[in-house]
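Indexing begins at 1, ligand by ligand and atom by atom, following the structure's order. Here the structure is a predicted model, which means the values were calculated and not measured. The basis for the numbers below is simple: all heavy atoms, side chains too, and nothing from hydrogens, waters or symmetry mates.
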Amino acid sequence: MIRQSSSQRYDVIVVGAGNAALTAAISASQNGARVLVLEKAPEAERGGNSRFSGGLFRFAYEGIADLKPLRQGLPPREWERVEVGHYAPDRFFDDLMRVTQGQANRELSQLLTQQSYPTMLWMTELGVVWEWTELWSVRGDDQLRFNPGSILEARNKGVGLMEYLFAAAQRAGVDIAYQARMTGFLQDGTDQVTGVRVRTPQGTEDAQAGAVILASGGFEANAEMRARYLGPGWDQVKVRGTRFNTGETLRMALDIGAKPVGHWQGCHATPIDGNAPPVGDLRLTDRTNRLSYPYSIMVNSLGRRFVDEGEDLGGYTYARMGRAILAQPGALAYQIFDQKTVHPLEERYATGSPVVGNTIREIAHKLNIPTDTLVHTVEEFNAAVQRGHFDPAIKDAKGTLGLEPPKSNWALPIDTPPYVVYSATCGITFTFGGIQIDSQGRVIDTEDNPIPGLYATGEITGNFFFHNYPGGSGLLRGAVFGRIGGANAAAEALGK
Ligand SMILES: Cc1cc2nc3c(=O)[nH]c(=O)nc-3n(C[C@H](O)[C@H](O)[C@H](O)COP(=O)(O)OP(=O)(O)OC[C@H]3O[C@@H](n4cnc5c(N)ncnc54)[C@H](O)[C@@H]3O)c2cc1C
């Protein structure tokens, strides 16, 4: 039951309790609003996809000096061993445009990239503790080399991130109701959003507010909507995160006139362990990911390669690699490593059960793959590998020649047994289609006007990601527009 009297009316209601929601709630509270967060999940499962995440935030910085305020107290010795390069807002913007084939909304993308560093500083002030990410970084004996832009993740990943944010929300005086599912909007005669209808275990009630912020995720956990929007095969994919992001608030927003924008047939989907559970498990969080494929060759169950595993740095290909695997028979792929390439494997592979063999024939037999085809695939690949220096930290241009599909970087012959093979299938992370917001976080309607009293942030918003995605941008997008939308919702609700 949500306790509310007319004298204690909330100024701002935030729907959802992930990263986007809590940053919005805290921002609204910092701007003077009395805030209520409605979380559909029970308390034990709170935190949405954000809690399942790797906690990686992509952000712009000019150099190592910008990183120091984010990791205060690190000994000078530690700063000497890291190589971070620089990643100006323009470079982040260019990356975003490049991987989205120029379709990301330019104004919102400018804001996202320019506000990325100030938002990281703000989150640090809120108490989020950051650590070096292992994703796409290379650790030498006394050196840490990062892929620029992909430097920091929250300590203890998504679980840690959400612990820090729930603590910050509590300190900010934000109220949170669990098992509180939004089931509809309240609007007055002018279409002003005046609150939401909420279903709790005690029944249905109306919660009034001066402004509402939708931060309730995408529709990735809804098989019917996946089939309808993403297309054939997507209803059966595994879901990497929360079971609660079923898209009903997105539908409700469309029903009151919010403008659908972005890539409705597109989503973020990665290679995950072929034996991963059908929906995210908080004991595993993101550990089912299988992202070291750039150092492997990937074959399907017919024994054939089907993709350029080394087309770009992993952070720029992994989000569309799930789709490539889904298109294979049985939505299954095998990542084949030899003893030269098992060393750079991400530590998450330790949770898997690889098939190991001393010959490719043995591997084919164990995986029930046509033997002659797999042997031919490996021989043909090995013969096409060009000379060069293998360097996992950069695009090393050590590729293949005359092979279709090519492997553009990190091509080493598969010739040093025992061979180690991990199965992978497609796991959906989040959906790209959503509702239009403007630079103030206001929801825009189909006549291109703001819907009074309605804001949104995070996965529920569209127009940011198309076809692909630069790793670490999802959490950042939620926080940047959570902070902006929270402040503006508070101002609207308080009549400022
Ligand atoms: C395994 C995994 C790893 C990832 N790793 C990263 C990473 O390292 N870096 C990165 O940037 N991104 C990562 N992502 C993507 C990232 O998690 C999401 O983009 C981001 O968390 C979305 O935040 P959000 O707040 O919009 O949604 P969520 O965190 O999913 O929150 C949505 C909330 O809305 C609630 N909700 C839904 N419907 C209702 C309703 N009707 N009423 C009330 N509440 C409702 C849900 O219960 C949930 O609390 C990862 C995702 C997964 C699944």
Are any side-chain N or O atoms of Arg51 and backbone N or O atoms of Leu282, one a donor and one an acceptor, separated by less than 3.5 Å?
no

Residues which pass side-chain hydrogen bond (donor to acceptor under 3.5 Å, both in side chains) with Asn289, listed by chain and number, not counting sequence neighbours
Arg240, Thr270

Under 3.5 Å, side chain of Ser27 to main-chain N/O of Arg483, donor-acceptor pair present?
yes

Using heavy atoms and a cut-off under 4.0 Å, could you grab the residues that are in contact with ligand 1, chain by chain, numbers ascending?
Val15, Gly16, Ala17, Gly18, Asn19, Ala20, Leu38, Glu39, Lys40, Gly47, Gly48, Asn49, Ser50, Phe52, Ser53, Gly54, Gly55, Leu56, Ala180, Arg181, Met182, Ala215, Ser216, Gly217, Arg240, Gly241, Phe244, Asn245, Glu248, Thr249, Asp286, Thr429, Phe430, Gly458, Glu459, Tyr469, Gly472, Ser473, Gly474, Leu475

Check against side chain to side chain donor-acceptor pair (under 3.5 Å), Tyr164 and Arg155
CA-CA 9 Å; Tyr164 294 126; Arg155 176 176 292 169; 4.5 Å; no

Return the set of residues passing side-chain hydrogen bond (donor to acceptor under 3.5 Å, both in side chains) with Thr461 (not counting sequence neighbours), or none when no residue passes.
Arg477

Pairs where residues 99-120 contributes a residue and the test salt bridge (Lys or Arg N to Asp or Glu O under 4.0 Å) is met, not counting sequence neighbours
none

